[in-house]
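The structure under discussion appears below in the form of structure tokens.
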2 protein chains.
Amino acid sequence: MAKYVYFFANGKADGNAKMKNILGGKGANLAEMTNLGIPVPPGFTISAEVCDYYYKHEKTYPDELKAQVEEAMKKLEETTGKKFGDPSNPLLVSVRSGAAVSMPGMMDTILNLGLNDETVKGLADATNNERFAYDAYRRFMQMFGDVVLKIPHEEFEKRLQKVKDEKGVKLDTELDAEDLKKVVESYKELYKEYGKEFPQDPEKQLWLAIDAVFGSWMNERAIKYRQIHGIKEGELLGTAVNIVAMVFGNMGEDSGTGVAFTRNPSTGEKKYYGEFLPNAQGEDVVAGIRTPLPLDELKNRMPEVYNQLVEIFEKLEKHYRDMQDVEFTIERGKLYLLQTRTGKRTAQAAVKIAVDMVEEGLIDEKEAILRIQPEQIEQLLHPTFDTEERKNAKVIAKGLAASPGAATGKVVFDAKTAEEWAEKGEKVILVRPETSPEDVGGMNSAQGILTSRGGMTSHAAVVARGMGKPCIVGCEEMEVDEENKQFKANGVVVKEGEWISIDGSTGEVMLGQLKTVVPEGLVGYVGKILEWADKFRKLGVRANADIPRDAEAARRFGAEGIGLCRTEHMFFEADRIPIVRRMIVAKTKEQRQEALDKLLPMQKEDFKGLFRIMKGLPVTIRLLDPPLHEFLPHEEEAIEQLAKDMGISVEELKETVESLKEFNPMLGHRGCRLAITYPEIAVMQTEAIILAAIELKKEEGIEVIPEIMLPLVGHINEMKYLKNIIVETVEKLMKEHGVELKYLVGTMIEVPRAALTADQIAEEAEFFSFGTNDLTQMTFGFSRDDAGKFLKDYLDKNILPDDPFKKLDREGVGQLLKIAKEKALPVRPDIKLGICGEHGGEPSSIEFCHMVGLNYVSCSPFRVPVARLAAAQAAIKHG
Amino acid sequence: MAKYVYFFANGKADGNAKMKNILGGKGANLAEMTNLGIPVPPGFTISAEVCDYYYKHEKTYPDELKAQVEEAMKKLEETTGKKFGDPSNPLLVSVRSGAAVSMPGMMDTILNLGLNDETVKGLADATNNERFAYDAYRRFMQMFGDVVLKIPHEEFEKRLQKVKDEKGVKLDTELDAEDLKKVVESYKELYKEYGKEFPQDPEKQLWLAIDAVFGSWMNERAIKYRQIHGIKEGELLGTAVNIVAMVFGNMGEDSGTGVAFTRNPSTGEKKYYGEFLPNAQGEDVVAGIRTPLPLDELKNRMPEVYNQLVEIFEKLEKHYRDMQDVEFTIERGKLYLLQTRTGKRTAQAAVKIAVDMVEEGLIDEKEAILRIQPEQIEQLLHPTFDTEERKNAKVIAKGLAASPGAATGKVVFDAKTAEEWAEKGEKVILVRPETSPEDVGGMNSAQGILTSRGGMTSHAAVVARGMGKPCIVGCEEMEVDEENKQFKANGVVVKEGEWISIDGSTGEVMLGQLKTVVPEGLVGYVGKILEWADKFRKLGVRANADIPRDAEAARRFGAEGIGLCRTEHMFFEADRIPIVRRMIVAKTKEQRQEALDKLLPMQKEDFKGLFRIMKGLPVTIRLLDPPLHEFLPHEEEAIEQLAKDMGISVEELKETVESLKEFNPMLGHRGCRLAITYPEIAVMQTEAIILAAIELKKEEGIEVIPEIMLPLVGHINEMKYLKNIIVETVEKLMKEHGVELKYLVGTMIEVPRAALTADQIAEEAEFFSFGTNDLTQMTFGFSRDDAGKFLKDYLDKNILPDDPFKKLDREGVGQLLKIAKEKALPVRPDIKLGICGEHGGEPSSIEFCHMVGLNYVSCSPFRVPVARLAAAQAAIKHG
């Protein structure tokens, strides 16, 4: 006969912690604790297999169920010495759902089941508290009516309010037993109004509650919850039902209830941490009406119970090998554990606990690594707000959390002012509708950046992450009025010079100047975890870094090279941009060459700077990528100045600016297409790279292996044409200077066609770096700058499980990665494969890169530790 | 011993027409004619295998070659009774290259080889014309010096000019023998100045000429020619060398030279057609100094020769089974054929000749079909310019030939004026920098459209092709000055109201009003060819048609359904656009619904119109696709009007317009993304489609099977979400009206991700229609509106073999088609697969669609006949 009901009581349970799939998390842990000899109120769990049966058999139960439940109830009565429905000593139970995966979206708990007009009196006698008994009764009626019979919750509240109004009081607690009896009567009427009858028969109550729990598995909230969390239809059997004898912490001063963590969930300190409320029920703690006492107080009040609790903590930690979050109740001096689960914790605590537990011998290094969410590591690298000040801060708007960390400063609305004020020692927050490369200087001077437009991979977001600066983008609640130098958000007007604080980890914008706290960084516990991670990971980790400061951060965080140096960022420096503009506006090849000749020594010094810091580690340099348009000024004033500088008419310059405008710049004249039109640019950049390497070798003995990378290649002929030019340039320089260098020429794979024809491209390219930002844009046909408008709908309506710009889309974009690898390898078995899109710093994407078998990931410097950890986790999980 | 030299003389040749790969086209045909008993001057061909050897062995020849050439020369001397280098009766030869594929980019011909200071005298004696002999000599020296020794051509011209100047004459013909002797001497000096010596030894001349021919195989022009024409390295062995005894048509009145076609190459009429020049050499005909006589004149002058020639024509046509283009020379009453090849012909002639030849039993229907270039068919459907007027027209600019046909009209610069003038009966050409959907009315009123920006798939190009109107786009030589209502092109200013003529087949813009000629269309010979084509093709052919007029054209041209009806085009009608704008600007769902309710009956009538014309043929209707932004006005005046109409402030409206602007609208909020944000739009459109079908069934007994198509799907969940909404809407209407309809719900495949996940999408989609315009944009990452800026460089530098927006890129985009088919078929074996991008009307792309195994192609109505023919050719070629 199939077993559907799992009993637990008195140190013996039918189930255990390993049976989560049929008992659910809660049921399995109750059984486990029982087996461990930990005092748990007796009860039983109806297997999730019954839920599965229920939906496969038109909402009916297997024949054996009824008898098994009846038998379990009988055992429960025997164990507790109480009787279900007994007016003098009634057994009351709680009925709770509980699936293998915690699903907060499912049905609420029903407590005090078993109460009726008769048993409520028995409860009043037993507790010596008639008020408590009737309060429990009316609560049960309310929960039961709402959850089981779908009578709207508000209707109950209205009835309750009415009684309070009649008495002229405000709080529930001001009602006495007689008042609550009135409420009970009024609730019975309410049931009738809805064509229902409150079942006085506890047996009936029980089965209706069981029906309701199984029914809740397919309610809208639960289905949505599973969709959102990627739990597929059929992945879980369903929910189990836990039926547990009620215990009461409000039976006098020898009773109480509390929650506790076996270690400090905030700091990770190995010290019990919790709260305790004497003569109270769990709900009272949650309601916050009474202030709970610290756990230590229990030591004074009930030392024996306290010692017993501490023993249990030790036992649980040893057993579960992780910090536990427990609920307990003391009923007349007797301790009961109601729940145990792995405790949630801060990033700092997670790291400390994991490291401590390895040292305590509880877990091994691999497990310690798996215990940390990689994203948490980054929190430990960025400033945060002072917790207290943060609590009281006025949030005026919320945008996309584009680059983590806390920043505070005076509001400015343009890059120039940001730079000027910063020079004077002011802290500023740069607020813009959106940023463009012209704003980079100002962004660099600011503490943080806030824009009203753009998505997670907009210019502001990408550059800010690169700089490691807090940034919020797409804050559409905010209206930026550049002209009047102010912004408006939800009715609040903030003018230039006023203080605001932004939290780049949550996307919140707050009024005023908040204190920030700088974290310790990569030392201590974090350093230990990353040291272990490096032992296990197979993926290399590089950083995207364009300037020496980035490169230094990259090395500090453990990057093993630069996977993406965007040369154009060098073009925006104040001393370069005029020359760059001359190059763009040039009418002849000669004029262009003249400008390039001026840029050459500057670029060369840039590269020397990077190479010197990277000390022989690989450095991948991408040739000029963005549309030339981005380098030109768009404001009247700047155009006039440039025209003057260049000795051409404003009209002529405007014509050039106009002619460079594109309908879809993302798909326009950019990437290697620029070098094909103007090979002289590629020549200059190659010269700068190679000369830098030659000089470093000669002057400082540093061996550099530059990796020259072409952006936006889609056709083998682009690669061939430009590789020829590059190789010719390099060979000429090496001959001229009598120096032999190793160097590689490779390409981004960021156009779908490149992935599809990777076999051809691999004939010429010595490495591939997947540019998954653009690849995602083109594979989905989503402009990352515009997707904000509809992506929200897509996520809300569960059309996409995740923002594909954040988490690599494995099925589509990921498929292209696989195709590219499978096509390239037979052609060039030693081809180096990396990723340098934003995804290179996102754990799920990194896991995928490991599974596909890439050689390395490259991400912004502050994500390097995240990537190291995520790569280790992937290696541990997938071998 | 390997055979490298193939001799031909006196009715017997070593080679034949099938040996083109080693003898080249010219050599093979000379051999073939010899074997046919046609009089050909004797000679021999050096195999292209020698060329292959030459490049594989550091420019040396196989050992056997010298002896074989010497032997062939000896035989040539025997055959002609002349001797190479013999001063009294010299054998002269021509040396010509000739590969298997005609390559005009290769070396020029060398004539009269064998002349030197001695043999020239013999020639003078033999021809009794000293002037001729020295003229031949100096020409030989010039050709030899230029082609073989790389002495610049202009240097020879300068020397010649000097002699003319000294004599005070202008024309070469005014120089007498003595003058020409001076020229010869001066040429000898020129050789010396360049450090060369003119070789007096004919043997030496011959080998230097042979070297030069083989050398020319790898000259820049030839390499480029092969690249452009897609001839891959190694596909051809190389060039052959033809050495043929000279014959002279200028040996008196019983000599002459001519060219002839075996049928009229202009009309196709079965009548010999050619020209003849007595006492002249081929060069004289080409030079145009003397006016040639019609071929008939030969009948009068040399009836026997004429009869012989006619017999040869008959023999050649019967033998080659195609119209021939021959060159002949008569030397002292003896006829020689110098060349025969398949004659080039006009579209009209091609069709007539193919049909005639089937009726004559020369070829079968399949071969007739293969003989016509599908593109030619379209020429027969569009007006052309009167040939004479066209010859003399002044071309002022050239753009991209975006939609074929000839148009003439007065220039207007805005759509409104176009409509107004057209209403008054004026013919107008609409000239714009670019067009937008707001211009559609004006485009419809115009005879033709001319834009200075945009590519082959820009708005103007696509809409014009749909309308079958001549159109030139991307005419960058033209600067449109809208303000002053004029344009400027290459210095010519054209003002509003002035006449221009545009040739949409060549891209040429001409001044003035040219007469146009309307062709006969799909009757007669063209009809016959297409009737045959329909027997063989396996691909269905549908049309892209949005309005009844398009649908009528589609049926007239033989479309078997509508493959793409773009519903948005219906939204631009004057009575709709205000309502559409209200829908877009709506602040609430209710406001939007109100506008949609007004659009519903209009859309329903649109669909009824289409369905009625298509009489039960399938009609695929695509739901709203373009970004909403495109429907809003952008000019101050229009915005003010709309704000007034809608009762909102101009500022509010402008904000909406602004908020809808996108960085990359191509990748923005469009396609099915609109329907996901505003499902009510999809509901309205579905209702209109289904109600139209229901009413037609009830009222007119027409059975329609609507195919509802979602644009821009990239993820199965988009498809699921919208299919649910559509199916629900349809089922509700069918129930309401008590009518059962068959209908399909399918999707465009135009986003790379859709192709990559076609297995998932096929679970829901009942058909796929490949939208290769967008698929090409996203697979390459090319914006079709912007690609003009760099595509030219790509084509010039041979980075791309073709414009991928014109000819489907088989390797990249085509690979996605294959992937999609292979993934979809196992999931849904009866899935209907079609293509509806511009490529659906392009022959090479159609061939590919046949090879991939699609079910149908869909193209603009005027391309339907092209597609029918191309589909038949693909079926014949690939089975």
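In what follows, chains carry the letters A, B, and so on, assigned in the order in which the sequence lines appear, proteins first and then strands, with residues in each chain numbered from 1.
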Take the angle between the ring planes of A:Phe782 and A:Phe805 and call it parallel below 30°, perpendicular above 60°, tilted in between.
tilted
Bottom line for A:Glu434: the part with an atom under 4.5 Å from chain B's heavy atoms is side chain
So does B:Ile799 get a backbone contact from the side chain of A:Lys720, meaning a donor-acceptor N/O pair under 3.5 Å?
no
Option in B:Met666, B:Arg673, B:Glu750 with maximal non-hydrogen atom pairs under 4.5 Å from chain A:
B:Arg673
Expected output: side-chain B:Arg753 to main-chain B:Gly714 donor-acceptor under 3.5 Å:
yes
Structural part of A:Lys661 lying under 4.5 Å from a heavy atom of chain B:
backbone
For A:Pro679, is it the side chain, the backbone, both or neither that has a heavy atom under 4.5 Å from a heavy atom of chain B?
side chain
Does any heavy atom of chain B fall under 4.5 Å from the side chain of A:His669, the backbone, both, or neither of them?
both
Report which part of B:Phe780 has an atom under 4.5 Å of a heavy atom belonging to chain A: side chain, backbone, both, or neither.
both
Hey, does the side chain of B:Glu479 reach the backbone of B:Lys488 with a donor-acceptor pair shorter than 3.5 angstrom?
no
Contact class of A:Arg453 relative to chain B, heavy atoms under 4.5 angstrom:
side chain
Side-chain heavy-atom pair A:Thr747, A:Phe768 within 4.5 angstrom cut-off:
yes
Decide yes or no for B:Leu660 and B:Ile584: does some side-chain heavy atom of the first lie under 4.5 Å from some side-chain heavy atom of the second?
yes
Measure distances from A:Phe663 to the heavy atoms of chain B and classify the residue's part below 4.5 Å as side chain, backbone, both or neither.
both
So for B:Gln815, is it side chain, backbone, both, or neither that comes closer than 4.5 Å to the heavy atoms of chain A?
side chain
With distance as the sole test, does A:Asp439 use its side chain to make a donor-acceptor pair with the main-chain N or O of A:Ser436 at under 3.5 Å?
yes
Could A:Lys654 and A:Glu651 be called an ion pair, given the rule that one side-chain N must be under 4.0 Å from one carboxylate O?
no
For A:Asp809, which atoms come within 4.5 Å of any heavy atom of chain B: side chain, backbone, both, or neither?
side chain
Could you tell me whether a side-chain N or O of A:Lys823 sits under 3.5 Å from a main-chain N or O of A:Gln760, the two making a donor and an acceptor?
no
Report which part of A:Ile819 has an atom under 4.5 Å of a heavy atom belonging to chain B: side chain, backbone, both, or neither.
side chain
Measure A:Glu811 against the heavy atoms of chain B and call it side chain, backbone, both or neither at under 4.5 Å.
both
In terms of heavy-atom pairs under 4.5 Å, which option from B:Ala754, B:Gly671, B:Gly668, B:Ser783 contacts chain A the most?
B:Ser783
Selection from B:Thr757, B:Leu756, B:Ile716, B:Thr677 maximising heavy-atom pairs under 4.5 Å formed with chain A
B:Leu756
